[in-house]
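Below is one structure, written out as structure tokens; comments come after it.
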Amino acid sequence: MASKLCALADAISRNVADGDLIYAAGFTHLIPFAAGHEIIRQRRKNLVLARATPDLLYDQMTAAGCARKIIFSYMGNPGVGSLRIIRQEIESGRLEWEEYSHFGMISRLQAGASGLPFLPMNPTAATDLENRNPQYRRVVDPYSGKEVVVVPPLNPDVAIIHVQRCDVEGNAQIWGIIGEQKEAAFAARRVILTAEEIVSEEVIRSDPNRTLIPGFLVDAVCHTPYCAHPSYTQGYYDRDNSFYIAWDKLSERREEVHKYLEEWVYGVPDRAAYWEKLGPETHQRLKVASRLSLPVNYGEY
Amino acid sequence: MASKLCALADAISRNVADGDLIYAAGFTHLIPFAAGHEIIRQRRKNLVLARATPDLLYDQMTAAGCARKIIFSYMGNPGVGSLRIIRQEIESGRLEWEEYSHFGMISRLQAGASGLPFLPMNPTAATDLENRNPQYRRVVDPYSGKEVVVVPPLNPDVAIIHVQRCDVEGNAQIWGIIGEQKEAAFAARRVILTAEEIVSEEVIRSDPNRTLIPGFLVDAVCHTPYCAHPSYTQGYYDRDNSFYIAWDKLSERREEVHKYLEEWVYGVPDRAAYWEKLGPETHQRLKVASRLSLPVNYGEY
Amino acid sequence: MPPTAAELMTVNAARLLRDGETVFVGVGLPNLACNLARRTHAPNLLMIYEAGVVGARPSRLPLSIGDPTLVSGSTLVCSMYDIFTLYLQRGKVDVGFLGGAQIDRFGNINATVIGDYHHPVVRLPGSGGSMEMAAWAKRCYIITPHQVRRFPEKVDFVTSAGFLQGRRQREEVGLCGGGPQAVVTDLGILEPDERGELILTALHPGVSVEQVRANTGWNLKIAENLGVTQPPEDEELRILRLELDPQGIYLK
Amino acid sequence: MPPTAAELMTVNAARLLRDGETVFVGVGLPNLACNLARRTHAPNLLMIYEAGVVGARPSRLPLSIGDPTLVSGSTLVCSMYDIFTLYLQRGKVDVGFLGGAQIDRFGNINATVIGDYHHPVVRLPGSGGSMEMAAWAKRCYIITPHQVRRFPEKVDFVTSAGFLQGRRQREEVGLCGGGPQAVVTDLGILEPDERGELILTALHPGVSVEQVRANTGWNLKIAENLGVTQPPEDEELRILRLELDPQGIYLK
């Protein structure tokens, strides 16, 4: 089995180019903050940032000047409020955007992952968004003569996927909220995996139904513990809700945002240093007690 | 939690009516033979039997006179040869049929499970089947102007799904080959579950990512160990390949088939008696040594 | 201590849920309302989250709709594509809770933009899953404080469909969901009439019709049999205050 | 002991596979060919089964394509819908193996019916996954005994597309798969020429051109640089006979 292990900085420099369409996957869970921070450090420009929920990561990347355009379906700070940076950039006309409902966004990824030219959705009667985004089209159902709404495939240049565990080839297992990680990996041209743990092939093969991403899709495997903070990794550490709340305040003023980026992104070489810098109190606060799945029997055949 | 536990005979008599479209799911794995045998014993007629791979079960149900029509994508005795009964009935014009490729068949189920009026597939250039089955249609992709092939939803009256374990409400976990079980359950109007083991809710909740079918879809839960023989249940017992080979010989002559049905279907009251009758040598031959999955940590939150 | 506005809304929303139903839950008050219903009259309420979690039993108050407490001990976790196809579009969701910056006369909701879409005055978060929930959940409920800016005659942008310009218009699209069935506010309850127009059907105790009309952006009709809601019971308030939101994050 | 016809076909098919490729595997000889390649020149060959199994490492010879030995110890198991969309239609499969009752001059395959579709003389199993494999796997290979009834000028029914009536016709459909690249028989190897017509490009040692032509249903063209296949090596035969099919189920 060929090892694809490399440093996250190398994975980004090899696989992410200026102007690329990036999908850093995850619905609240497993958001690959460390990879986004590395993209900021490497000062990538003119990126198209696609994600159902841009979350703080794309707010930060937009503040750092990486983004030309954003593709999304819910642009909020989940449970807190709005994403102030992206919102200001859109309101001021400095940032392009392309918008869907969650289902439209996820259908685009599923079409991209499936090699299909479009996927249908039933009409919702809410046509304002459809009328303003020419990517939405209509197709006549040949059985009933009624119309369905369709969206085209989304095929990112790069998908970045954080996982709980994978082997060195990139066969990856995820549990907890699995959002759109599998679809993003299959839709993308290149795939960067970050992982809490690199495990032996035998661990993966002990439970093949748990594997969502096959290694042959993967270009780089980066061992990156705590990659997702302030998002979380189910079973590994908790979501740092207080950071999400603090960002709402902090991001009211651009100087504060740039100070944050200086200190926590440009000012640290990598995720290990970032985590170290967060300090023992935060480490303690985000610790999680164990709750294990019961095994299943595959049988020796 | 409301218990839906009942005897398989009751589940069939309440949920399967003459003329129904039945989807007894499973790709080689988990084929619910016990449920099919119960349908034979209750002498249901004019059924439409749908399944990607009819397997021996639909051969037997056809021989017993339950079937009016068959919907399929591969009508063989897997690894052995043809399904002699269904083949003869088709060749003699006594059985209606409707045919797809695997992808077409599975897309019909997926459309049915999704509430969609159709799903697209890329053209394959092999148009002979498409031209002979009017359920296949074409739709113009509004982005490229090229055509895609589409199929309509398949919504069975009853899906019968065999699972390794579920709770009394029908929250069900399956591992090994998962074929089209989830899609069949969501597509169907009524769902009968048969299970090797009925487990506590806590077992299911220890590993929610393993659950494929939510209990609220399910109408009846039948504790039916060895339901799948001569098919198999991963981790519970092996596939009885020698029976599949023997059927090929046996099914050459209708008298032999009727003798088989008399002895092994009409002649036994239920699956427990059938399994008992198979005897200790067969039990021993199909035993499987244990090979457990390694646990994952969900964390206490 | 008398109920706060949030408690009043939560209790009244909880009472709209029936035992055994499947509910598409959002964070905040809908989450509290569902958990309150589960502990009172609807122990078999099945909670579904758009993040892909079914049968959640959160042991703490989730800040976000994707909190890990929703997963641990839940019944089933699936992908977002599955949630939107197999559950929502297939018509397997009985109740959905909606929110937004504006709700209009016909129950249409704006969660997208104030002003022109291409030149926004205020850019809001957008649809998320609400476009589909409003279309396909069998019944939808809206929980929102009653303020005139939140209840314009016509929303700037229809993020999710109520009855459009009237019930018939919604029916023509052939949606499997029945549309908004009630708006629960801190003043009372609005429900659609036979034309799909939201009218005042109940007041909370001590609230006047004039108060409600003053806080509504259109000429609000009053139901002939205008009712008064039952005040929250002690047991409902006890569960909310002591068990579900002891720190008063959402209810104060 | 000299190689049997089945061994000859299996060894020659195995040699067509390259290390690191993804192969859509059927049971029988294709399964043996893939496992032989994995133990010789292609240790990183990734075996995918239409049942939804990726990275299988069968420890016994599976009778069916859905045998439990394919699952235990494999890398990944997914649904059939995923296999056909995410893997096959998305163009992630390098090689597919096909079989059928008839293969014609342009590599079209019939696995459906002899005679009229609606009034079949012989009803065959049908497509299964072969319609899509033939369209979307980058390269396809066919392993079949060389008999005149199996090689008609034109198949009764095109279950899976080769080059239709010629390469251009296939290209017009815009498939992501390149079509049949070789037919490995017990007499030699056929490959498509620039028009997509199958021509004889190699003979197995000791076989004559006349033998092949006598067993082919059309006027078979012979490649200018007609070759002779390398005879199976002792090591290849040893692996097949002692490790992969010790009971000679498929190879005798």
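The basis for the numbers below is simple: all heavy atoms, side chains too, and nothing from hydrogens, waters or symmetry mates. Below, chain A is the first sequence line, B the second, and so on; all start at residue 1.
Looking at A:Val288, neither its backbone nor its side chain comes within 4.5 Å of chain C, counting heavy atoms on both sides. Heavy atoms of C:Ser130 lying under 4.5 Å from chain A are absent altogether. C:Asp67 touches chain A through backbone and side chain together, each having a heavy atom under 4.5 Å away. Only the backbone of C:Leu124 comes within less than 4.5 Å of a heavy atom in chain A; its side chain stays farther off. Residue A:Glu147 does not touch chain C at all, counting heavy-atom pairs closer than 4.5 Å. Only the side chain of A:Leu119 comes within contact range of chain C, judged by heavy atoms closer than 4.5 Å. Heavy atoms of C:Ser160 lying under 4.5 Å from chain A belong exclusively to its backbone. Heavy atoms closer than 4.5 Å to chain A are found in both the backbone and the side chain of C:His118. With a 4.5 angstrom heavy-atom cutoff, C:Val121 touches chain A only via backbone atoms. Neither the backbone nor the side chain of C:Cys176 comes within contact range of chain A; no heavy atoms are under 4.5 Å apart. Both the backbone and the side chain of C:Leu63 have a heavy atom closer than 4.5 Å to some heavy atom of chain A. Contact annotation for A:Thr124: both backbone and side-chain heavy atoms come within less than 4.5 Å of a heavy atom of chain C.
Annotation: the span from C:Ile114 atom CD1 to A:Glu91 atom CD amounts to 10.5 Å, rounded to 0.5 Å. Within the model, atoms CE of C:Met131 and CE of A:Met121 stand 8.0 Å from one another, a figure rounded to the nearest 0.5 Å. How far CH2 of A:Trp175 is from OG of C:Ser72: 12.0 Å, rounded to the nearest 0.5 Å. Rounding to the nearest 0.5 Å places CG of A:Asp128 at 10.0 Å from OH of C:Tyr117. Taking OG1 of A:Thr28 as the reference point, atom CD1 of C:Ile65 lies at 7.5 Å (rounded to 0.5 Å).
With a 4.5 Å cut-off on side-chain heavy atoms, C:Val158 and A:Thr127 do not count as touching.
Heavy atoms only, all atoms of each residue included: C:Gly66 and A:Tyr232 are closest at O-OH, 2.5 Å. Contact record, A:Asp238 with C:Pro68: OD1-CG, 3.6 Å, taken as the closest heavy-atom pair. The two atoms that bring A:Phe72 and C:Pro125 nearest to each other are CE1-O, 3.8 Å, heavy atoms only. Taking each heavy atom of C:Trp136 and A:Asn122 in turn, the nearest pair found is CZ2-O, 3.1 Å. Between A:Gly104 and C:Glu132, the shortest heavy-atom contact is N-OE2, 4.3 Å. Across C:Leu175 and A:Ala125, no two heavy atoms sit closer than the pair CD1-CB, 3.8 Å.
Donor-acceptor pairing under 3.5 Å is lacking for the side chains of C:Glu50 and A:Tyr74. Under 3.5 Å, the side chains of C:Ser79 and A:Gln181 contain no donor-acceptor pair of N or O atoms.
Considering only heavy-atom pairs separated by less than 4.5 Å from chain C, the leading option among A:Gln110, A:Glu183, A:Gln88 is A:Gln110. Of the listed residues (A:Ile245, A:Ile177, A:Val80, A:Leu83), the one with the most heavy-atom contacts under 4.5 Å to chain C is A:Ile177. Counting heavy-atom pairs under 4.5 Å between each of A:Ser101, A:Gly79, A:Ala52, A:Ser107 and chain C puts A:Ser101 at the top.
Between C:Arg123 and A:Glu99 a salt bridge is recorded (basic side-chain N to carboxylate O distance below 4.0 Å). Between A:Arg132 and C:Asp116 there is no salt bridge, since no side-chain N of the basic residue sits under 4.0 Å from a carboxylate O of the acidic one.
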